[in-house]
J.: 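Before I ask anything, here is the structure I am working with.
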Amino acid sequence: MHQNAQRRRITFLFPIYNEEENIALLHSTVDHVIEPLADRYDFDFLYVDDGSRDGSLATLTELAERDARVTVIELARNFGHQLAVTAGLDLADADAVIIMDSDLQDPPRVALELIERWEQGYDVVYAQRRSRQDSAFKKLTAGVFYQVLRKLASVDIPKNTGDFRLIDRKVVDELRKYRERDRFLRGLVAYIGFKQTAVLFDRDKRHAGVTGYPLRKMLRFAADGILGFSVAPLRMITRLGHLISLLSFVGILYVAGVKLFAPETAVPGWAFMTIAMFFLGGIQIVMLGVLGSYVGRTYSQVQNRPLYGVASVRTGTLAAAETGSAAR
Ligand code: UDP
Ligand code: MG
């Protein structure tokens, strides 16, 4: 059972969407980088073809024929990056999985640092961008997104961090229990806990091909992050309701004042109409807020996340012996 006694297995997980021109270089670079570690670990490569429309699948099939460490999963259609990674995590069978983009934006040599930190006892080692070579637009939108997410999210999701990371088997097993559809993996990993740490790196340019994340997908992804980890938008309704009710109350006092002290300035029926309008407006938004709080609870119930995760159980020797005999 002693971990050091046996070789540990590490799987590289690559989501692939139209990466025909990157696959060969990606594979050879990663292979080259891990060569010095080959005597200590068993490595394998899991390529998930996410319904590519170019020759990616053919290239991958060829690669698998040449290299026995390669497994290729062909998804039935394009399900999106997050689901492609999920499919890989569901099928991986290793002591640790390293998730990496396939366009060489995540420099393979950083994987060595991830493994080093893992050996120091961390369960999740995420690669955090010190700098990135992307368009000004992408940098700006990403910056705003992480800012907003940090403000709103109920868990501490590290900023400037993609899915490039090493995840220990324990955390992969935990992650598999999370079956929500609209997933924001980096949020889920943060939510799960265990011992996590960061390694800083400089993100490169995409080697070849075009981004699989056009603006439409990026917005959707941002919404998944915010809506998946925060009910702040719903809480805003309640706050707004209270604010409007307060204003309505002031309005009602004003109308009543006019009616009592300066009735000649008011049109007949005005007081009734205005008070009714203020009153209803306030009540309606407060009630929307009440509905919102139930919707929020229903939402988190429907997400059906595990209630907690256990990192370890420590007992005395006596209790351990008892559990042992009970198990038999
Ligand atoms: N990807 C995927 N399915 C998609 C879009 C992207 O599997 O629908 C993969 C893609 O092949 C790459 C990773 O997800 O390995 C990140 O995508 P990309 O580089 O296009 O995103 P960007 O770096 O521009 O944000
Ligand atoms: Mg990229």
Side-chain angles (χ1 to χ4, degrees), residues 11-30 45-61 63 70-92 97-108 110-111 126-146 149 157 159-167 181-187 189 201-225:
T11 295
F12 279 88
L13 166 50
F14 301 112
I16 302 277
Y17 180 61
N18 300 344
E19 305 283 12
E20 186 175 22
E21 291 157 74
N22 294 322
I23 294 167
L25 182 65
L26 173 73
H27 191 76
S28 62
T29 313
V30 174
F45 305 87
L46 188 51
Y47 288 90
V48 182
D49 177 56
D50 184 18
S52 295
R53 283 172 235 274
D54 64 354
S56 294
L57 186 63
T59 313
L60 289 174
T61 313
L63 189 65
V70 172
T71 305
V72 180
I73 300 171
E74 179 195 357
L75 296 188
R77 65 168 170 85
N78 177 242
F79 283 92
H81 173 225
Q82 298 287 294
L83 290 176
V85 174
T86 303
L89 288 172
D90 285 345
L91 287 155
V97 178
I98 297 178
I99 306 169
M100 209 184 258
D101 279 2
S102 312
D103 54 1
L104 291 142
Q105 281 201 290
D106 298 336
V110 177
Y126 52 86
Q128 193 163 35
R129 294 185 285 266
R130 190 172 12 206
S131 68
R132 68 191 297 177
Q133 309 282 319
D134 275 309
S135 66
F137 177 72
K138 182 116 188 176
K139 282 187 193 164
L140 179 76
T141 47
V144 170
F145 169 65
Y146 282 108
L149 188 64
I157 299 171
K159 63 173 182 202
N160 299 332
T161 304
D163 288 315
F164 183 20
R165 54 187 64 211
L166 179 149
I167 308 180
R181 313 210 107 252
D182 299 307
R183 42 186 49 223
F184 186 65
L185 277 169
R186 52 198 83 163
V189 173
F201 79 108
D202 298 296
R203 189 165 160 96
D204 291 332
K205 271 211 223 15
R206 166 175 268 280
H207 169 67
V210 292
T211 176
Y213 266 103
L215 186 62
R216 171 180 53 81
K217 275 195 193 168
M218 238 158 65
L219 288 175
R220 172 89 215 254
F221 185 59
D224 286 342

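The residues of the chain are indexed from 1 along the displayed sequence. Predicted model only: the values in this text are computed from it and were never measured. Basis for what follows: all heavy atoms, side chains included, without hydrogens, waters or symmetry-related copies. When a ligand or atom number is given, it counts from 1 through the structure's own listing order.
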J.: Flag the pair D202 and R129 as a salt bridge only when some basic side-chain nitrogen lies within less than 4.0 angstrom of an acidic carboxylate oxygen.
T.: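 No, this pair does not count.
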J.: At what distance, to the nearest 0.5 angstrom, does NZ of K138 lie from CZ of R132?
T.: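 Result: 6.0 Å between the selected atoms.
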J.: Classify the ring geometry of F221 against F184: parallel below 30°, tilted from 30° to 60°, perpendicular beyond 60°.
T.: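 Aromatic pair F221/F184 classed tilted.
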J.: Nearest protein heavy-atom contact for atom 14 (O) of ligand 1: which residue, which atom, what distance?
T.: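 Residue, atom and distance for the closest contact: H81 CD2, 3.1 Å.
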J.: Any chance you could measure Y17, atom OH, to S102, atom OG, to the nearest 0.5 Å?
T.: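 Rounded to the nearest 0.5 Å, the OH-OG separation comes to 13.5 Å.
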J.: Check the side chains of T86 and R183 for a donor-acceptor pair under 3.5 angstrom, ignoring hydrogens and angles.
T.: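 Short answer, yes.
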J.: Among all protein heavy atoms, pick the one closest to atom 5 (C) of ligand 1 and tell me residue, atom and distance.
T.: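 Checked against all protein heavy atoms, atom 5 (C) of ligand 1 sits closest to G212 O, 3.6 Å.
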J.: Who gets closest to atom 11 (O) of ligand 1 by heavy atom: E19, K138, R206?
T.: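 Minimum heavy-atom distance to atom 11 (O) of ligand 1 goes to E19.
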J.: Given side chains that start at C-beta, do those of D204 and L104 come closer than 4.5 Å, heavy atoms only?
T.: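 Answer no - side chains too far apart.
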J.: Go through it in stages, so that I can follow the logic: the residues are H207 and D103, the test is side-chain contact (heavy atoms from CB on, under 4.5 Å), and I'd like the CA-CA distance, side-chain angles, deciding distance and then a yes or no.
T.: CA-CA 6 Å; H207 169 67; D103 54 1; 5.6 Å; no
J.: With the side chain counted from C-beta on, respond yes when P15 and D50 share a heavy-atom pair under 4.5 Å apart, and no when they do not.
T.: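 Side chain of P15 against side chain of D50, heavy atoms only: no contact under 4.5 Å found.
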J.: Roughly how far, to the nearest 0.5 Å, is the CZ atom of F45 from the CG atom of L13?
T.: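 L13 atom CG to F45 atom CZ measures 12.5 Å (nearest 0.5 Å).
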J.: So which protein heavy atom does atom 23 (O) of ligand 1 come closest to, and at what separation?
T.: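 Residue, atom and distance for the closest contact: Q105 OE1, 2.6 Å.
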J.: What atoms of ligand 1 come closer than 4.0 angstrom to any heavy atom of S102?
T.: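 Answer, ordered by atom number: 12 (C), 15 (O).
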J.: Nearest protein heavy atom to atom 19 (O) of ligand 1, by residue and atom, and its distance?
T.: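 Going atom by atom, the protein heavy atom closest to atom 19 (O) of ligand 1 ends up being D103 OD2, 2.6 Å.
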J.: Which option, T211, V85, D50, I16, owns the non-hydrogen atom nearest atom 4 (C) of ligand 1?
T.: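 It is D50 that holds the nearest heavy atom.
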J.: Salt bridge or not between R206 and E19? Use side-chain N to carboxylate O under 4.0 Å.
T.: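 A salt bridge links R206 with E19.
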J.: Can you list the ligand 1 atoms lying under 4.0 Å from a non-hydrogen atom of R203?
T.: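 Near R203, the atoms of ligand 1 are 23 (O).
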J.: Ligand 1 versus R132, non-hydrogen atoms closer than 4.0 Å: side chain, backbone, both, neither?
T.: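 Neither part.
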J.: Heavy atoms, side chains only, cut-off 4.5 Å: are D101 and R203 in contact?
T.: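 Yes, close enough: below the 4.5 Å cut-off.
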J.: Looking only at protein heavy atoms, identify the closest one to atom 21 (O) of ligand 1 and say how far it is in Å.
T.: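 Closest protein heavy atom to atom 21 (O) of ligand 1: Y213 CD1, 3.3 Å.
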J.: What residue and heavy atom of the protein are closest to atom 9 (C) of ligand 1, and at what distance?
T.: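 Scanning the protein heavy atoms, the shortest distance from atom 9 (C) of ligand 1 goes to P15 O, 3.8 Å.
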J.: Measure the distance from atom 8 (O) of ligand 1 to every protein heavy atom, then report the residue, atom name and distance (to 0.1 Å) of the closest one.
T.: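 Closest protein heavy atom to atom 8 (O) of ligand 1: K217 NZ, 2.9 Å.
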J.: Mind checking whether the Mg ion (ligand 2) has an N, O or S of T211 under 2.8 Å?
T.: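 No - counting backbone and side chain alike, T211 has no N, O or S atom under 2.8 Å.
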J.: Give a yes/no answer: is there an N/O/S atom of D101 under 2.8 Å from the Mg ion (ligand 2)?
T.: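 No N, O or S atom of D101 is closer than 2.8 Å to the Mg ion (ligand 2), so no.
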J.: Identify the protein heavy atom lying closest to atom 13 (C) of ligand 1, giving its residue, its atom name and the separation to 0.1 Å.
T.: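 Closest protein heavy atom to atom 13 (C) of ligand 1: D101 OD1, 3.5 Å.
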J.: Give the atom name of whichever N/O/S atom in D103 sits closest to the Mg ion (ligand 2).
T.: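 Output for this pair reads OD2.
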J.: Nearest non-hydrogen atom to atom 2 (C) of ligand 1 belongs to which of F79, Y17, F221?
T.: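 Nearest heavy atom to atom 2 (C) of ligand 1 lies in Y17.
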J.: Does an N or O anywhere in V210 fall below 3.5 Å from an N or O of ligand 1?
T.: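 No: no nitrogen or oxygen of V210 is under 3.5 Å from one in ligand 1.
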J.: With heavy-atom distances below 4.0 Å as the criterion, list the atoms of ligand 1 near N78.
T.: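 Per the distance check, 3 (N), 4 (C), 8 (O).
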J.: So Y47 and H27, do their side chains get closer than 4.5 Å, heavy atoms only?
T.: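 In contact.
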